[in-house]
Amino acid sequence: GVETTFVGLAAPTAATDQVVFKATGVKDKVTNETSTLTYTNGKVSAIVAAMPDGVTSCTPGTPTNGCRVLKLSYTAAGLLETVKAQVNTDADRTLASYSYDTDGRLATVTDSRTGLVTSYTYTGTGPDLRLATLTPPGLAPFSFEYSNNKLAKVTRPNPATAGGGTAQIAAFAYNVPLTGTVPNLPNMATEVTKWNQSSKPTQAFAVFSQDQPINGAPGSNDGAWKSADLQLTDNQGYTVNTASYGAGDWQITAAEYDTHDNVVMAWDERAIAAIRSGQVPTADADTVATKTVYDATGMLPTDVYGPIRQAVAANGTLKSLRTHTHTDYDQGAPNSGTNPDTGMAYRLATRVTVTAETVAGAVDATLSRSFNGYAALVAGDATGWDLGQPTSTTVDMDNSGTVNAGDITRKTRYDSRGRIIEQRQPQSAGTDAGTRTTAYYTAAATGASGCTSNPAWAGMTCKVGPA
């Protein structure tokens, strides 16, 4: 995990005082690398990258080999003006500069390495302030038009060689009718009942692309609606449906969410079309969805069930089957499965099993199984549990359910900073041509031949080759 350190700008003098905190460091708990932030007049003035091996100090303003710093400066009004890089003992180089209009709004961003400029203009004031144009380097500007403070259209000038004028990039319609009052739109109030969608759409929005220019929402009988891409949201703001017109009908998708904001049921266009045409009864709508099951925390997907379909079963007959991908986590994890750096479970996948199953859950065949191992490949190395990444991946070729000589296993070895130093192909012992090694430059006097005592390049790849 990543640990961010905050300190208060000033100590409170009373229990009711509010304290403003600033971040001073970001530490990778796996590699113990820490980036630090320094402040001037309450604003971040420098970000110091984690120091590579052999580099012991890095001070903004003091050029040192192996030291990498981003330096930020501000205008008198406190607006970011330049970002400079202090790298090794080189002179500072400006990466980007920013200018502002008289109202303090961002006007230009200049990539100082290329001289390319992106510019911005605005319309309105106060709460009605909106971006009016965005001009990329060397290109025609994007213009933004608004209606009732909502984005209505994005346009760009056409080249004179293409006839000039203005091209619509996208146009937007809001509060699109849901209940079939517009003949050229689907009646989503009734359609969603066909697959028992639990969260009904309450708002619909339409996006028209370059091929269908519009000025305001089309009329009720306007065929332009069929050129729109529809996004439908429920009363919580989740996108629960999309729709676009093609093949003579609206092609609709649907999604349902859990309390952790995860999509747990999803129907694609093919599934919805089958339900709407009656090929799949409403009672069986769930069987043609992709269903995802999460653990109690809502963070780890444990099971994914694909849509049911006709497939050749293990006995050679045709059956209605669906794939089921089951993932196990933290099998054999140390410390009773608790990561000491986070106080939580490691949450690392250890086994993934894919089976073909009936709707009732009866397994017809195991299609594949793979294992992730996290043990250190060499004594003294950090384990995969420490680094949060597997040191071995195995395909269960003989479908035995265990790792054995008949399987295909690839191994990866990491250094203490989590960088790959060995990649072993199946059957390689780590000392032959089946292993690719990677060495890194270091400021220290010890390390791979030709890669030592070089603080300026410390941490960068030095050489890659066979063991």
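For the single chain, residues carry numbers from 1 onward in sequence order. In this text the structure is predicted, and so the values were computed from the model without any measurement.
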In terms of side-chain geometry, is the basic nitrogen of [X] or [Y] positioned less than 4.0 Å from the acidic oxygen of its partner?
{"X": "Arg436", "Y": "Glu422", "answer": "no"}
{"X": "Asp111", "Y": "Arg113", "answer": "yes"}
{"X": "Lys27", "Y": "Glu33", "answer": "no"}
{"X": "Asp386", "Y": "Lys29", "answer": "no"}
{"X": "Arg347", "Y": "Asp330", "answer": "no"}

Restricting to non-hydrogen atoms, name the atom on [X] and the atom on [Y] that form the minimum distance, rounded to 0.1 Å.
{"X": "Pro201", "Y": "Leu232", "value": "CB-CB, 3.8 Å"}
{"X": "Thr239", "Y": "Ala255", "value": "O-CB, 4.3 Å"}
{"X": "Val395", "Y": "Asp407", "value": "O-CB, 3.2 Å"}
{"X": "Ala254", "Y": "Gln197", "value": "CB-OE1, 3.4 Å"}
{"X": "Met397", "Y": "Gly406", "value": "CB-O, 3.5 Å"}
{"X": "Ile420", "Y": "Tyr440", "value": "O-OH, 2.7 Å"}

Calculate, to the nearest 0.5 Å, the distance between atoms [atom1] and [atom2] belonging to [X] and [Y] respectively.
{"X": "Asp328", "Y": "Phe371", "atom1": "CG", "atom2": "CZ", "value": "9.5 Å"}
{"X": "Tyr122", "Y": "Leu131", "atom1": "OH", "atom2": "CG", "value": "6.0 Å"}
{"X": "Thr297", "Y": "Leu300", "atom1": "OG1", "atom2": "CG", "value": "5.0 Å"}
{"X": "Leu116", "Y": "Thr118", "atom1": "CG", "atom2": "OG1", "value": "7.5 Å"}
{"X": "Arg270", "Y": "Ile275", "atom1": "CZ", "atom2": "CD1", "value": "13.5 Å"}
{"X": "Ser209", "Y": "Gln168", "atom1": "OG", "atom2": "CD", "value": "7.5 Å"}

Cation-aromatic face contact [X]/[Y], 6.0 Å, 45 degrees:
{"X": "Arg105", "Y": "Tyr100", "answer": "no"}
{"X": "Lys22", "Y": "Phe6", "answer": "no"}
{"X": "Arg156", "Y": "Phe142", "answer": "yes"}

Just by distance, do the side chain of [X] and the backbone of [Y] share a donor-acceptor pair under 3.5 Å?
{"X": "Arg322", "Y": "Ala289", "value": "yes"}
{"X": "Tyr305", "Y": "Val359", "value": "no"}
{"X": "Thr121", "Y": "Ala132", "value": "no"}
{"X": "Glu357", "Y": "Leu321", "value": "no"}
{"X": "Gln212", "Y": "Gln210", "value": "no"}
{"X": "Trp267", "Y": "Ala285", "value": "yes"}
{"X": "Asp258", "Y": "Asn262", "value": "yes"}
{"X": "Tyr245", "Y": "Gly248", "value": "yes"}
{"X": "Asp295", "Y": "Met299", "value": "yes"}
{"X": "Asn339", "Y": "Met344", "value": "no"}

Please assess Asp53 against Arg417 for the test salt bridge (charged side-chain N to carboxylate O under 4.0 Å, His left out), listing each intermediate value before the final yes or no. CA-CA 9 Å; Asp53 292 333; Arg417 290 179 177 261; 2.7 Å; yes
Quick check on [X]: does its [atom1] atom have over 12 non-hydrogen neighbours (other residues, nucleotides or ligands) under 6.0 Å away?
{"X": "Lys411", "atom1": "NZ", "result": "no"}
{"X": "Gln427", "atom1": "CD", "result": "no"}
{"X": "Asn215", "atom1": "CG", "result": "no"}

Please report the C-alpha distance between Thr327 and Val352 in whole Å, then the side-chain angles of each, then the deciding distance to 0.1 Å, and finally whether the side chain to side chain contact (heavy atoms under 4.5 Å, CB included) criterion is met. CA-CA 5 Å; Thr327 304; Val352 179; 4.0 Å; yes
Would you kindly say whether [X] and [Y] are connected by a side-chain donor-acceptor distance under 3.5 Å?
{"X": "Thr366", "Y": "Thr355", "result": "no"}
{"X": "Ser198", "Y": "Glu256", "result": "yes"}
{"X": "Asn184", "Y": "Asp222", "result": "no"}
{"X": "Ser143", "Y": "Thr133", "result": "no"}
{"X": "Thr108", "Y": "Ser99", "result": "yes"}

Side chain proximity check, [X] to [Y], heavy atoms < 4.5 angstrom:
{"X": "Phe144", "Y": "Leu134", "value": "yes"}
{"X": "Pro426", "Y": "Arg410", "value": "yes"}
{"X": "Arg424", "Y": "Leu377", "value": "yes"}
{"X": "Leu79", "Y": "Tyr98", "value": "no"}
{"X": "Tyr374", "Y": "Leu387", "value": "no"}
{"X": "Lys291", "Y": "Val264", "value": "no"}
{"X": "Leu72", "Y": "Leu80", "value": "yes"}
{"X": "Thr290", "Y": "Pro307", "value": "yes"}

Just do the side chain to side chain donor-acceptor pair (under 3.5 Å) check on Thr166 and Thr155 with the steps written out, would you? CA-CA 7 Å; Thr166 300; Thr155 62; 5.6 Å; no
Applying side chain to side chain donor-acceptor pair (under 3.5 Å) to Gln423 and Thr435, what does each step give before you reach the verdict? CA-CA 5 Å; Gln423 293 168 293; Thr435 293; over 6 Å; no
Hey, mind stepping through Val312 and Thr317 against side chain to side chain contact (heavy atoms under 4.5 Å, CB included) and telling me if it holds? CA-CA 6 Å; Val312 177; Thr317 63; over 6 Å; no
Relative to the ring of His324, is the ring of His326 parallel (under 30°), tilted (30 to 60°) or perpendicular (over 60°)?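 Judged by the thresholds at 30° and 60°, the geometry between His326 and His324 is perpendicular.
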Angle between ring planes, Phe208 versus Trp225, binned at 30° and 60°: parallel, tilted or perpendicular?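 The rings of Phe208 and Trp225 sit tilted, inter-plane angle from 30° to 60°.
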For Gln203, the option from Asn175, Asn235, Asp234 that meets side chain to side chain contact (heavy atoms under 4.5 Å, CB included):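 Result: among Asn175, Asn235, Asp234, Asn175 is the only option passing the side chain to side chain contact (heavy atoms under 4.5 Å, CB included) with Gln203.
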Of all pairs that satisfy salt bridge (Lys or Arg N to Asp or Glu O under 4.0 Å), the ones with a partner from residues 366-379, not counting sequence neighbours: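 For residues 366-379: Arg369-Asp396.
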Step by step, would you call Arg413 with Asp381 a salt bridge (charged side-chain N to carboxylate O under 4.0 Å, His left out)? CA-CA 8 Å; Arg413 186 181 172 203; Asp381 283 359; 2.5 Å; yes
